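Encoded as structure tokens, the structure appears first; notes follow it.
Remember, predicted model here, so these are calculated numbers, not experimental data. Both ligands and their constituent atoms are indexed starting at 1 by order of listing.
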Amino acid sequence: MADKDTIGIASDHAGYELKSALKAELGGLGFAALDLGTESGEKSVDYPDFARALAEAMKAGKFSRGVLICGTGIGIGMAANRHAWIRCGVVHDETSARLTRQHNDANVMAVGQRLIGVETAKASLKVFLSTPYEGGRHVQRVAKLA
Ligand code: RB5
């Protein structure tokens, strides 16, 4: 059983600064952040490697929810969704954060450091972590993702 108080987080170099900000925000919200890299905004890396690191740690039961950051959130979100146990929604604001939880039962959110501001990202993270899945009409659709 995954530890519900731990949230996995990872980024490429283009998401490194926002990853640092969101890690601090997780602490403020009462969660432990398990940081799976990258370790610098200076060294160019490949976002699929960090999506995979988060996916494998989730599969191993280290956490059940995660946050991924790259320049746009799009590439790292695509990479995350190659892993069958991940439902990653790219989040741009509080509304998309709420809806990907309510409708898609997303277990990972992806954000783009180059696209949204840090305060919007923090607010979106808070909504993502506090919004329950609605179930109901969405259950059959989410099941088909698997
Ligand atoms: C890195 O330059 C950038 O391409 C990557 O962070 C991401 O935005 C891709 O989707």
Looking only at protein heavy atoms, which one is nearest to [atom], and what is the separation?
atom                    : answer
atom 7 (C) of ligand 1  : Cys70 SG, 3.4 Å
atom 9 (C) of ligand 1  : Tyr47 CE2, 3.5 Å
atom 8 (O) of ligand 1  : Thr72 N, 3.0 Å
atom 10 (O) of ligand 1 : Gly75 N, 3.0 Å

What is the minimum heavy-atom distance between [X] and [Y], and which atoms define it?
X      : Y      : answer
Leu18  : Ala121 : CD1-CB, 3.8 Å
Ile116 : Val111 : CD1-CG1, 4.1 Å
Lys23  : Asp35  : NZ-OD2, 2.9 Å

Item to check | Nitrogen or oxygen of Gly71 less than 3.5 angstrom from that of ligand 1 | outcome: yes
Next on the checklist: As an exercise, identify every atom of ligand 1 less than 4.0 angstrom from a heavy atom of Ala14.
Outcome noted: 6 (O)
Next on the checklist: My question is simple, although I want it checked carefully: is atom 4 (O) of ligand 1 less than 4.0 angstrom from any protein heavy atom?
Outcome noted: no
Next on the checklist: Quick check on Gln113 - does any of its heavy atoms sit under 4.0 Å from an atom of ligand 1?
Outcome noted: no
Checklist entry - Between Arg114 and ligand 1, which part of the residue brings a heavy atom under 4.0 Å of the ligand: side chain, backbone, both or neither? => result side chain
Item to check | Side chain, backbone, both or neither: the part of Asp12 lying under 4.0 Å from ligand 1 by heavy atom | outcome: side chain
Checklist entry - Side chains of Glu134 and His103: closer than 4.5 Å at any heavy-atom pair? => result yes
Checklist entry - Any side-chain heavy-atom pair from Asp105 and Leu145 closer than 4.5 angstrom? => result no
Item to check | Ion pair Lys59/Glu56, N-O distance below 4.0 Å | outcome: no
Checklist entry - So Tyr133 and His138, would you call those rings parallel, tilted or perpendicular, with 30° and 60° as cut-offs? => result tilted
